[in-house]
Visitor: 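Structure below; questions to follow.
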2 protein chains.
Amino acid sequence: MTETRMPAYEQVKAFVKRQISSGTWRAGNAVPSESALQQQFCISRMTVNRAMKELAVEGVVTRVQGSGTVVAQLHRISTTLALRDIHEEITERGHRHATRVLAVEPAKADAALAQVFKVRAGTRLFHTVLLHLEDEVAIQLEDRYVNPAAAPGYLGVNFNATTPTSYLLEHAPLTKASYSIEAGLASMSEARHLRIKRGDPCLVMTRSTVSGPHVASFARLVHPGMRYSFNGTFQL
Amino acid sequence: MTETRMPAYEQVKAFVKRQISSGTWRAGNAVPSESALQQQFCISRMTVNRAMKELAVEGVVTRVQGSGTVVAQLHRISTTLALRDIHEEITERGHRHATRVLAVEPAKADAALAQVFKVRAGTRLFHTVLLHLEDEVAIQLEDRYVNPAAAPGYLGVNFNATTPTSYLLEHAPLTKASYSIEAGLASMSEARHLRIKRGDPCLVMTRSTVSGPHVASFARLVHPGMRYSFNGTFQL
DNA sequence: CAGTGGTCTAGACCACCGA
DNA sequence: CGGTGGTCTAGACCACTGG
């Protein structure tokens, strides 16, 4: 691994990571300055700077202008959680994705929805309820409200061919998204559609997306706890 | 925002993001080449390169050497999920953190643990069970096994003063970690300690960490579904 | 003040892609 | 082949930190 032709900045990164994961440099310890490393590796400072900048982005070191670079307090392990379109997620696993359309209808914003969408109560919204199957097994119940101002054609979409996520990303360019993941219980109707028992635990993600001036969409995604999990890896 | 003194590479990034989020450039469209942007902004190519490189890391664009840069298929919304030390997480919210030590004991690896730790069944491990309270309310039950080879002093730690996460990061430098988040039910004893009803849904995270040659630790973290969630934001 | 990192330049060579 | 991005250099000026 250290033998193959490796860009200079990668070698610097690998060196620093080796010192840390071997315990030679510990959290809070100072890392040699850019000019020191520049001389040690006989490379230009820009190259050292790139290496250290990337390590800072990865959370491996902390840099303070004027002060220096120190090994990060690794009490923060950060990884990337990818929120993906369910169709891609399933097909990438090599499985078949199918959708059952349970509801496609106009709706009116109640007080809670009005707050989420930042509109007046009673404003017209679109509402869809879809069930996503992975190899015929129910894996996600998607209950979604969409702002007509952001995606006027939403109710006309053929949801057997296009997922809401995919359609919205295409027609309401994303500017912001926020999500929350928690454990909850399925309601009676949710349980029936997901073919689980009422009272079975579910992983519930609520997600809202902003497109330009509008809150475009608010979705509640319910997954059977036994058939779904979020996974990730962090590698120093 | 565009008015303040902004580094040149940030201006380039902002420009590209504006084109995308306004819908002018759509997923799959080509982005001007580095030399084109260099001339447009009257800056050096290194600076353009930095901007585009960062956008690629953020997942906003996709670059292929020799081919060019295109607007990424945004079907992948990626955000950062920070796995933090619970003590920091709680104190940062301005609350008090306390720990109840329920078990600190040696244990022997059964078949499942042996597989996780990549050791022979029957190998000696350390076992702790801790309950974490946020302002006196139970928020996480931490059931953890630790490899003595990676942290020989583990059983001697005062867990009222130091969290296992913090101790392990200090004494068994982290090289890799992986996690899984799912919904589950509390066992009878878990429910009793968390002061919830049996059958209440819980967010369960299992996490294993690798330190150098050893699998250092395997933990099951159970959170009452009603009192805990993971949250995140993605901003273009 | 000297030392640090943050940014930037104007070149350069290379590997790769598509025509 | 020309154009693309990937990497690298040897300088430079700046803002910030610490003593």
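Both backbone and side-chain heavy atoms feed into the values below; hydrogens, waters and symmetry mates do not. To find a chain, count down the sequence lines: A is the first, B the second, and so on, and within it residues start at 1.
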Visitor: When the ring centroid of A:Tyr179 is compared with that of B:Phe230, is the distance short of 6.0 Å?
Guide: no
Visitor: Quick one: which of D:dT7, C:dA10, D:dT9 gets closest to the side chain of A:Arg50?
Guide: D:dT7
Visitor: Ignoring hydrogens and angles, state whether a donor on the side chain of A:Ser33 or A:Ser35 is under 3.5 Å from an acceptor on the partner side chain.
Guide: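 A donor-acceptor contact under 3.5 Å links the two side chains.
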Visitor: Strictly below 4.0 Å, heavy-atom distances to any atom of DNA chain C: list the hits from residues 29-43 of chain B, or just say none.
Guide: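 The stretch gives B:Ile43 as the residues lying under 4.0 Å from the strand, ordered by number.
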Visitor: Compute whether any side-chain donor of one residue and acceptor of the other, for B:Thr128 and B:Tyr145, lie under 3.5 angstrom apart.
Guide: no
Visitor: Below the 4.0 Å mark, does D:dC8 have OP1 or OP2 next to a side-chain nitrogen or oxygen of A:Tyr9?
Guide: no
Visitor: Can you pull every protein N or O that's under 3.5 Å from an N or O on nucleotides 13-15 of chain D?
Guide:
from, atom 1, to, atom 2, distance (Å)
D:dA15, N3, A:Gln65, OE1, 3.2

Visitor: Mark yes when over 12 heavy atoms from residues, nucleotides or ligands other than A:Glu10 sit less than 6.0 Å from its CD; otherwise mark no.
Guide: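 Yes - once you tally the heavy atoms of other residues, nucleotides and ligands closer than 6.0 Å, there are more than 12.
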Visitor: Taking all atoms of both residues into account, what is the closest heavy-atom pair of B:Ser166 and B:Asp85, and its distance?
Guide: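 Nearest heavy atoms, B:Ser166 then B:Asp85: N-OD1, 3.8 Å.
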Visitor: Atom CE of A:Met46 and atom P of C:dC8: how far apart are they, to the nearest Å?
Guide: 10 Å
Visitor: From the options C:dC17, C:dT7, D:dG6, select the nucleotide whose nearest atom is closest to the side chain of B:Asn49.
Guide: D:dG6
Visitor: Is the shortest heavy-atom distance from the side chain of A:Leu221 to the side chain of A:Arg207 under 4.5 Å?
Guide: yes
Visitor: Considering non-hydrogen atoms only, spot the tightest contact between B:Tyr228 and A:Glu182 and give its length.
Guide: O-CB, 3.9 Å
Visitor: Count the heavy atoms of every other residue, nucleotide or ligand shown that sit under 6.0 Å from CD of B:Gln40, and state whether that count exceeds 12.
Guide: yes
Visitor: How long is the line joining CD of A:Gln11 and P of D:dT7, in whole Å?
Guide: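 Going from CD in A:Gln11 over to P in D:dT7 covers 13 Å.
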Visitor: How many Å lie between CE on B:Met6 and P on C:dG6, as a whole number?
Guide: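 It works out to 17 Å between those atoms.
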Visitor: Look at A:Ser67 and D:dT17 and indicate whether a side-chain polar atom (N or O) is within less than 4.0 Å of OP1 or OP2.
Guide: no
Visitor: Would you say B:His97 and B:Glu134 are linked by a side-chain donor-acceptor pair, where the criterion is simply a distance under 3.5 Å?
Guide: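 There is no such pair (donor and acceptor under 3.5 Å, judged by atom type) between the side chains of B:Glu134 and B:His97.
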Visitor: Taking atom P of C:dG6 as reference, at what distance in whole Å does atom NZ of A:Lys53 sit?
Guide: 9 Å
Visitor: Quickly work out the A:Glu10 CD to D:dG6 C1' distance and round it to whole Å.
Guide: 11 Å
Visitor: When you check the phosphate oxygens OP1 and OP2 of C:dG6, does a side-chain N or O of A:Arg63 lie under 4.0 Å from one of them?
Guide: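 Yes, within the criterion.
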